[in-house]
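Read through the structure below, which is laid out as structure tokens, and then see the notes.
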Amino acid sequence: MTEPTTVASGRRSGSVRNARFGPLDVLAVLLPVLTVAALALVRPVDDPSELLPPTAAPLSRTTLVCPSAVPRTGTLALANADGVRGELAIRPPADDTLVIDGTARTGLKASYVAQAEGELASGLVGTRYGEGAATACGAPQPQQWFTGVGAAPEHFSTLELVNPDGGPAVADVTVLGPDGPLEVPALRGVTVPGGRTLRFDLSEVVPSRDELALQVLVSRGRLGVHVVDQVDEVGRGVRTRDWLPAQGEPDTSAYLLGLGGTSGERTLVVANPGDSEARVSLEVITKESQFAPADLDEIRVPPGSTKTVDLTDLLADRTTRGATGLVLDATTPVTAGLRTVAKGDLSHAVAGGRIVERAALSMPRGPSRLVLGGADGVGVATYVVSDEDGLEIARERVELVPGVSIRIKLPAAGALLDLGVERSSVIAAVEVGPPGLAVLPLSELVVDARVPDVRPALR
């Protein structure tokens, strides 16, 4: 009875000793181990959906576009804000150069494209000017606004488009009037051949006695865009012109600095490109305070239209004497410009961009004043003025305080203005003259290129 039990036990033991592991058994054991080891070596990566801001890199190439001269404005002044010396390639002609050593001045009257490379590119600035008129040369921008243009016989504007490159460029120009957008086929899909300049007299392409606003949107290539504004009052014999500065983007807050010291006809134009009505409040800013004049109604601008307000009496009143600018606060983003005709001279104050760190201007010859306002906190601004040889002739630190403005007389021999801002931001403009008055709004100085964050996509 015991033998069968023993034999059966021996067979079970022998089957265990003779077992073998196949390939699948080995993989079943190794794969989990290898997977855990591989995961341990992988470092966490950023979320691919996270958007990172671009980084700054030294600017290695710059293009400035200067407009064609108008009567008595045939001088161009170009300089580097950091005093870098070098050669600019200029067009026309295509093979010419201009040596920058301090501030270089030239009498070229045609539209002018200046291209700099290397250290000279960072901080390059330029200005075209003449008696009672001036405008800054600027880098091509994809979008610009011009508010307060005219298209009537007594007040008309000329739009100039300059293509600095070899290939064609295309722009669409939107025209806003008091009753809404205007249909202007001649300004839709405008193609500017490479290296060419096109001009449009608005009194011919969109005749109107209303105050208008232009949006110039470049959809292909690059364009330098400028507007010359002219008043020709036949009955009174006043004939004057100046450039109308551009505004980059509509905003709910606008500081219009540079009213000059002479009373005259003041016309405020506000444009509302949005889809809802804009309610705009207006205040006057002086060296002592910022206040809303009594009995001044809120300005209501319908969507997609312009509104014109006569401020002649308001700014001639003794309560606003010494005003340096206007402050507009709107319920929706707007653009704005103030046109002044005083003693037979035309000038424009437009909404300026906010300066956070630094601005610079190649200065016209003659008397000028620096106007600062719109500080968003207590801070300090330092301005330095250099002569045509690049030698410093003035330097001063001024305190920035919200709610007031500053007007500073600059040396008549100044050729380059360098403005630095600390612990605040500010709106700034330079008044040029007499003779006449021209207002040059300052903008943030471009010294770096913006390099986008580019990373491989996960699939």
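The structure displayed is predicted, hence computed values, not measured ones.
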Go through the side-chain N and O atoms of Glu249 and Gln143 and say whether any donor and acceptor fall under 3.5 Å apart.
no

Less than 3.5 Å apart, which donor and acceptor atoms pair up between the side chains of residues 123-134 and the rest of the protein, not counting sequence neighbours?
residue : atom : partner : partner atom : Å
Thr127  : OG1  : Ser362  : O            : 2.6
Arg128  : NE   : Pro67   : O            : 2.5
Arg128  : NH1  : Thr73   : O            : 3.4
Arg128  : NH1  : Leu108  : O            : 3.0
Arg128  : NH2  : Pro67   : O            : 3.2
Arg128  : NH2  : Leu108  : O            : 3.0
Arg128  : NH2  : Ala110  : O            : 3.1
Tyr129  : OH   : Arg105  : NH1          : 2.9

Nearest heavy-atom pair of Val190 and Ala186: which atoms, and what distance?
CG2-O, 3.5 Å

For residues Arg354 and Ser425, is any side-chain donor paired with an opposing acceptor at under 3.5 Å?
yes

Gap between atom CG of Leu328 and atom OG of Ser253 - 0.5 Å precision:
8.5 Å

Would you say the side-chain atoms of Arg423 pair up with the backbone N or O of Leu400, donor to acceptor, closer than 3.5 Å?
no

Side-chain donor/acceptor of Glu431 to backbone N/O of Gly260, under 3.5 Å:
yes

To the nearest 0.5 Å, what is the distance between CG on Leu59 and CG on Leu120?
10.5 Å

Please confirm whether the backbone N or O of Arg279 pairs with a side-chain atom of Thr331, one donor and one acceptor, at under 3.5 Å?
yes

Is the backbone N or O of Gly167 less than 3.5 Å from a side-chain atom of Asp165, with the two atoms forming a donor-acceptor pair by type?
no

His348 and side chain to side chain donor-acceptor pair (under 3.5 Å): which single residue from Asp242, Asp229, Thr135 fits?
Asp229

Between the side chains of Lys307 and Glu277, is the shortest nitrogen-to-carboxylate-oxygen separation below 4.0 Å, so that they form an ion pair?
no

Close side-chain approach of Leu214 and Leu202, heavy atoms under 4.5 Å
yes

Just to verify, which of Asp297, Val327, Leu311 counts as forming a side-chain contact (heavy atoms from CB on, under 4.5 Å) with Leu282?
Leu311

Would you give the length of the straight line joining atom OG1 of Thr240 to atom CG of Asp345, rounded to the nearest 0.5 angstrom?
4.5 Å

Give a yes or no on whether the backbone of Glu211 and the side-chain of Thr306 come within a donor-acceptor separation of less than 3.5 Å.
yes

Are any side-chain N or O atoms of Glu388 and backbone N or O atoms of Ala104, one a donor and one an acceptor, separated by less than 3.5 Å?
no

Report yes if the side chains of Leu161 and Val218 come closer than 4.5 Å at any heavy-atom pair, otherwise no.
no

Answer yes or no: does atom CD of Glu298 have more than 12 heavy-atom neighbours from other residues, nucleotides or ligands under 6.0 Å?
yes

Option passing side-chain contact (heavy atoms from CB on, under 4.5 Å) with Leu268 (candidates Asp310, Thr308, Leu256):
Leu256

Using side chain to side chain contact (heavy atoms under 4.5 Å, CB included), reason through Ile408 and Val398 one step at a time and then give a plain yes or no.
CA-CA 10 Å; Ile408 304 165; Val398 294; 4.0 Å; yes

Begin from the C-alpha positions of Glu87 and Val99 and carry the test side chain to side chain contact (heavy atoms under 4.5 Å, CB included) through to its verdict.
CA-CA 5 Å; Glu87 287 189 352; Val99 176; 4.1 Å; yes

Give, for atom OH of Tyr255 and atom CG of Leu372, the distance between the pair rounded to the nearest 0.5 Å.
12.5 Å

Does a side-chain heavy-atom distance below 4.5 Å link Leu98 with Leu76?
no

Donor-acceptor under 3.5 Å (Asp387 side chain, Ala415 main chain):
no

So OG of Ser347 and CZ of Arg266: to nearest 0.5 Å the spacing works out to 7.0 Å

Exam field: side chain Asn163 to backbone Val192, donor-acceptor pair closer than 3.5 Å:
yes

So with a 6.0 Å cut-off around CD of Glu283, is the heavy-atom count from everything else above 12?
yes

Between Ser111 and Glu160, does a side-chain hydrogen bond (donor to acceptor under 3.5 Å, both in side chains) hold up when you go through it step by step?
CA-CA 9 Å; Ser111 56; Glu160 180 177 275; 5.2 Å; no

Check whether any side-chain N or O of Arg407 sits under 3.5 Å from a backbone N or O of Gly258 as a donor-acceptor pair, and report yes or no.
no

Please tell me if the side chains of Glu265 and Arg339 come closer than 4.5 Å, counting only heavy atoms from C-beta onward.
no

Examine distances only and state if a side-chain atom of Thr286 and a backbone atom of Gly322 form a donor-acceptor pair shorter than 3.5 Å.
no

Pairwise side-chain contact, Thr158 with Arg199, heavy-atom cut-off 4.5 Å (strictly under):
yes

Rounded to the nearest 0.5 angstrom, the CG-OG1 distance for Leu78 and Thr103 is 9.0 Å

Where Thr332 and Ala278 come nearest, the two heavy atoms and their spacing:
CG2-CB, 3.2 Å

Pairwise side-chain contact, Asp329 with Thr252, heavy-atom cut-off 4.5 Å (strictly under):
no

Step by step, would you call Thr63 with Val113 a side chain to side chain contact (heavy atoms under 4.5 Å, CB included)?
CA-CA 7 Å; Thr63 299; Val113 177; 3.8 Å; yes

Considering non-hydrogen atoms only, spot the tightest contact between Val439 and Ala429 and give its length.
CG1-CB, 4.1 Å

Would you indicate whether the side-chain heavy atoms of Val173 and Phe200 approach each other to under 4.5 Å?
no

Could you tell me whether the side chain of Val350 reaches within less than 4.5 Å of the side chain of Phe146, counting heavy atoms only?
no

